[in-house]
Amino acid sequence: MTAAVEVRDLRVTLDGAPILAGVDLTVAAGEWVTVIGPNGAGKSTLLRAVGGLLPAGAAVSLFGTPLRALKPRERARVVATVAQSPAVPAGMSVLDYVLLGRTPYIPPLGRESAADLAAVHDVLDRLDLAAFHGRELATLSGGERQRVFLARALAQGATLLLLDEPTSALDIGHQQEVLELVDQLRREHGLTVLATMHDLSVAGEYADRLVLLAAGRVVAAGPPAEVLTEELLASHYRAHVRVVRGEHGPLVVPVRPR
Ligand code: ADP
Ligand code: MG
């Protein structure tokens, strides 16, 4: 079967500094893979390259097609990104913001169709956002706003979702709500998810596989139990942790050094 994401020897240099130094990554269609790693490891850069937001040369293919062979509108129908901290356009309503997700379907200089509006309202309903459609985006709470960012990506109708720390701004309850929702959509609509996350226990609970990135290289990859080990976390995060067995995978507990 063709992989949803195929990354081979991806090298990214920004302002003369090597940020990704030969990254390989495969995500099967329907799979959920989460990239973990310390601050500055290159997680956001990797997602940006996979989403076509950074030039990646020939290193990235999506569903068997080289990324650079896709025109922007074609690409937007395949892959949708929720950035780490998306810009919040001043004065824009929730409805108009989510409607931006339909841009790849609206002809240049054209207007949205009834089908575009229906798709947007469907997503707003599913994310429990219908009551917010007229609200100005800037007035929403962090959790509500995060759901709107996700709504825009879903309205795009792409089968590959790239989520860069989708839950960092959320309390523990909204975190679970958003991740459960993403997983439900994945199962019901066959979406593929490539995410980054800081909470390692949560990362392991939701992902089929984890990829540990450190200093621009993949240093471990596999099922959560193989990646979330005290040894790997000690050496790559300089963290003192205990890993205990949980219901849905390993749980990582920070422990104060003696
Ligand atoms: P992560 O998401 O894992 O925290 P990033 O991908 O955001 O890491 O960044 C990886 C490294 O690349 C960091 O050291 C960051 O400072 C650097 N970096 C990111 N963007 C740029 C840029 N435009 N120019 C130079 N360096 C950058
Ligand atoms: Mg980041």
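Order of listing sets the numbers, starting from 1, for every ligand and every atom in it. Remember, predicted model here, so these are calculated numbers, not experimental data.
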Which residue pairs pass the ring pair (Phe, Tyr, Trp, His ring centres under 6.0 Å) test with at least one member in residues 63-109, sequence neighbours excluded?
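Checked against ring pair (Phe, Tyr, Trp, His ring centres under 6.0 Å) - neighbours excluded - the pairs reaching residues 63-109 are Y97-F149.
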Any salt bridge between D208 and R186, counting N to O under 4.0 Å?
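Yes, charged N to carboxylate O under 4.0 Å.
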Less than 4.0 Å between a side-chain N and a carboxylate O, is that true for E177 and R147?
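Here R147 pairs with E177 in a salt bridge, since their nearest N and O are under 4.0 Å apart.
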Can L46 be reached from L210 by stepping across I, L, V, M, F, W or Y side chains whose heavy atoms are under 4.5 Å apart?
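No, no single cluster joins them.
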If you group Ile, Leu, Val, Met, Phe, Trp and Tyr by side-chain heavy-atom gaps below 4.5 Å, do L233 and V202 land in one group?
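No; tracing contacts between hydrophobic side chains, which count when under 4.5 Å, never links both residues.
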Using a threshold of 4.0 angstrom between heavy atoms of the protein and any atom of ligand 1, which residues qualify?
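Shell around ligand 1 (4.0 Å, heavy atoms): L14, D15, I19, P38, N39, G40, A41, G42, K43, S44, T45.
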Over 60° means perpendicular and under 30° means parallel, so classify the ring planes of W32 and Y206, tilted if in between.
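Answer is tilted, since the angle falls between 30° and 60°.
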Return yes when atom NE2 of H236 has more than 12 non-hydrogen atoms of other residues, nucleotides or ligands closer than 6.0 Å, and no otherwise.
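Result for NE2/H236: enclosed.
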Mind checking whether the Mg ion (ligand 2) has an N, O or S of Q84 under 2.8 Å?
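Yes, since at least one N, O or S atom of Q84 sits under 2.8 Å from the Mg ion (ligand 2).
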Counting backbone and side-chain atoms alike, does N39 have an N/O/S atom under 2.8 Å from the Mg ion (ligand 2)?
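Not a single backbone or side-chain N, O or S atom of N39 is under 2.8 Å from the Mg ion (ligand 2).
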